[in-house]
K.L.:
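Can you keep this structure in mind? I'll have questions shortly.
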There are 2 protein chains.
Amino acid sequence: MGADFPFSMPRFPEDAEREPLPESLTRYTGFLIAKAHQRLWTLFNDECKRLGFDVPCGGVLHLLDECGSMSQQQLGRKLRIDRTSMVKLVDALEEKKLARRRDHPEDRRIYLVEITAAGKKALAELQVVGDAMEKQLLSPFSEDEVKTIRRALLTLAG
Amino acid sequence: MGADFPFSMPRFPEDAEREPLPESLTRYTGFLIAKAHQRLWTLFNDECKRLGFDVPCGGVLHLLDECGSMSQQQLGRKLRIDRTSMVKLVDALEEKKLARRRDHPEDRRIYLVEITAAGKKALAELQVVGDAMEKQLLSPFSEDEVKTIRRALLTLAG
DNA sequence: GGAAATCATCAGCAATACTGACAATCATGG
DNA sequence: CCATGATTGTCAGTATTGCTGATGATTTCC
């Protein structure tokens, strides 16, 4: 799975203390998405922690690997994260040596954030667990259904 | 739409500063759900604010109306919200006179949280905007597709 | 009757998002 | 060439939020 934005998410409760969701709310797509998010975030953030970082950092790594170095604001716009939140995110990545700030050769206002070798290694591990989780999560659904789900979520995400 | 949990959610960016989501992340269902959540939360929380409360309060109102009075912990278990967070949520509802704490007739440890007349009125308004938004969000999809989406989200929500 | 569990609450801690400022730098038009 | 405005990264400060760990009151169970 991919990353998101940096914010505090209530943990998905353990099996013992989990009840079925109430019908008055599950009839709303927004509630279902919120609760799905809560569960997937918990699942995936635990995996990220095991790898030494967290979900938002993982998202930045994915993006840097796909699109190459870019400024912090570009990162933020693509991930829909506030510019000031991005500062701390890149700070964290730099501290963990997963990315670094480089001077932009032509525009000295900009730091080009680039992924390091260690970052690529971490990303590779992340992709393994992400792909595995993705496969597991979607296993109950047919190929056509997955297409529908993806299209729907893309539309809802705007 | 229904409510969720009380926590700080980054705002969905305005049209002007919004970019398409990067492919390296949209291939993950978790990322799509996170970003859909971000958008729907922003849309719906704005509506709730207009009505004088917020998304989590709306969720409690829905639940109280469906299932009747119940203890705070029961509310929390059904909504998957931490017990200590529920205290402040009910505080807020009580302050706005949308719900109130009543003594449990048989168990004096428990407060029965019950919806007030004002709460029912607010809920009715909330349901109007919620149903309208639901209809609009799902308008691009066929009845069968909606079924698939709902089933998928229910499964993912656990 | 006593131990353990349950409920609501609170203080305190750690994250997080965002506003509004700031300095440095670039771009544009006159 | 210069002045104005826009852009970038940063930071301080504010407001929220989730949760841990404790407390007191009660109930349940043995």
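The basis for the numbers below is simple: all heavy atoms, side chains too, and nothing from hydrogens, waters or symmetry mates. Below, chains carry the letters A, B, ... as their sequence lines are ordered, and counting in each starts from 1.
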K.L.:
Could you state the atom-to-atom distance from CD of B:Glu94 to C1' of C:dA8 in whole Å?
P.N.:
12 Å
K.L.:
Expressed in angstrom and rounded to an integer, what is the separation of A:Met9 atom CE from C:dA14 atom C1'?
P.N.:
17 Å
K.L.:
Can you check the A:Asp103 CG to C:dT25 P distance for me, whole Å?
P.N.:
11 Å
K.L.:
Under the criterion side-chain hydrogen bond (donor to acceptor under 3.5 Å, both in side chains), which of B:Gln127, B:Glu66, B:Lys78 is the partner of A:Ser24?
P.N.:
B:Glu66
K.L.:
Does a nitrogen or oxygen in the side chain of A:Arg77 sit under 4.0 Å from OP1 or OP2 of D:dT7?
P.N.:
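It does not, given that no N or O in the side chain of A:Arg77 lies less than 4.0 Å from OP1 or OP2 of D:dT7.
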K.L.:
What residues, two or more places apart in sequence or in another chain, satisfy side-chain hydrogen bond (donor to acceptor under 3.5 Å, both in side chains) together with B:Asp46?
P.N.:
B:Arg11
K.L.:
Examine A:Met133 and A:Val55 and state if one hydrophobic cluster contains both, with Ile, Leu, Val, Met, Phe, Trp and Tyr joined whenever side-chain heavy atoms are less than 4.5 Å apart.
P.N.:
yes
K.L.:
Apply salt bridge (charged side-chain N to carboxylate O under 4.0 Å, His left out) to A:Glu114 and list each qualifying residue two or more places apart in sequence or on a separate chain.
P.N.:
A:Arg100, A:Arg102
K.L.:
Suppose we screen for side-chain hydrogen bond (donor to acceptor under 3.5 Å, both in side chains). Which residues come up paired with B:Arg18, at least two apart in sequence or across chains?
P.N.:
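Only B:Asp15 meet the side-chain hydrogen bond (donor to acceptor under 3.5 Å, both in side chains) criterion with B:Arg18.
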K.L.:
Side-chain polar contacts of residues 147-158 of chain A - donor-acceptor pairs under 3.5 angstrom, sequence neighbours left out - could you list them?
P.N.:
from	atom 1	to	atom 2	distance (Å)
A:Thr148	OG1	A:Asp144	O	3.2
A:Arg150	NH1	B:Thr26	O	2.8
A:Arg150	NH2	B:Thr26	O	3.1
A:Arg151	NH2	B:Glu145	OE1	3.3
A:Arg151	NH2	B:Glu145	OE2	2.6
A:Thr155	OG1	A:Arg151	O	2.8

K.L.:
Set out, line by line, the N/O atom pairs under 3.5 Å between protein and nucleotides 27-30 of chain D.
P.N.:
from	atom 1	to	atom 2	distance (Å)
D:dT27	OP1	B:Arg108	N	3.2

K.L.:
Figure out the NE2/C1' separation between A:His104 and D:dT8, and round it to whole Å.
P.N.:
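One finds 11 Å between C1' of D:dT8 and NE2 of A:His104, rounded.
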K.L.:
For B:Met70 and B:Lys88, take the nucleotide of DNA chain C holding the closest heavy atom to each; which residue's nucleotide lies nearer the 5' end?
P.N.:
B:Met70
K.L.:
Not counting sequence neighbours, which residues clear salt bridge (charged side-chain N to carboxylate O under 4.0 Å, His left out) with B:Arg77? List them please.
P.N.:
A:Glu19
K.L.:
When the distance from CZ of A:Arg100 to P of D:dG9 is rounded to whole Å, what number comes out?
P.N.:
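These atoms are roughly 17 Å apart.
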K.L.:
If you assign B:Thr84 and A:Ile110 each to the DNA chain D nucleotide with the nearest heavy atom, which residue ends up on the more 5' nucleotide?
P.N.:
A:Ile110
K.L.:
Reckon A:Gln72 has a side-chain N or O less than 4.0 Å from the OP1 or OP2 of D:dT10?
P.N.:
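Answer is yes, contact under 4.0 Å.
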K.L.:
Rounded to the nearest Å, what distance is computed from the CH2 atom of residue B:Trp41 to the P atom of nucleotide C:dC18?
P.N.:
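In whole Å, C:dC18 P and B:Trp41 CH2 are 13 Å from each other.
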K.L.:
Can you check the B:Gln73 CD to D:dC19 P distance for me, whole Å?
P.N.:
14 Å
K.L.:
Among C:dA8, D:dG21, C:dT19, which nucleotide sits nearest the side chain of B:Tyr111?
P.N.:
C:dA8
K.L.:
Map A:Leu112 and A:Phe12 onto DNA chain D by nearest heavy atom, then report which one ends up closer to the 5' terminus.
P.N.:
A:Leu112
K.L.:
Can you tell me the distance, in whole Å, between the CG atom of A:Leu89 and the C1' atom of C:dC18?
P.N.:
15 Å
K.L.:
Can a side chain N or O of B:Arg83 be found less than 4.0 Å away from OP1 or OP2 on D:dA22?
P.N.:
no
K.L.:
Where the side chain of B:Asp82 is defined as all heavy atoms beyond and including C-beta, which of D:dG9, C:dC7, D:dC19 is the nearest nucleotide?
P.N.:
D:dC19
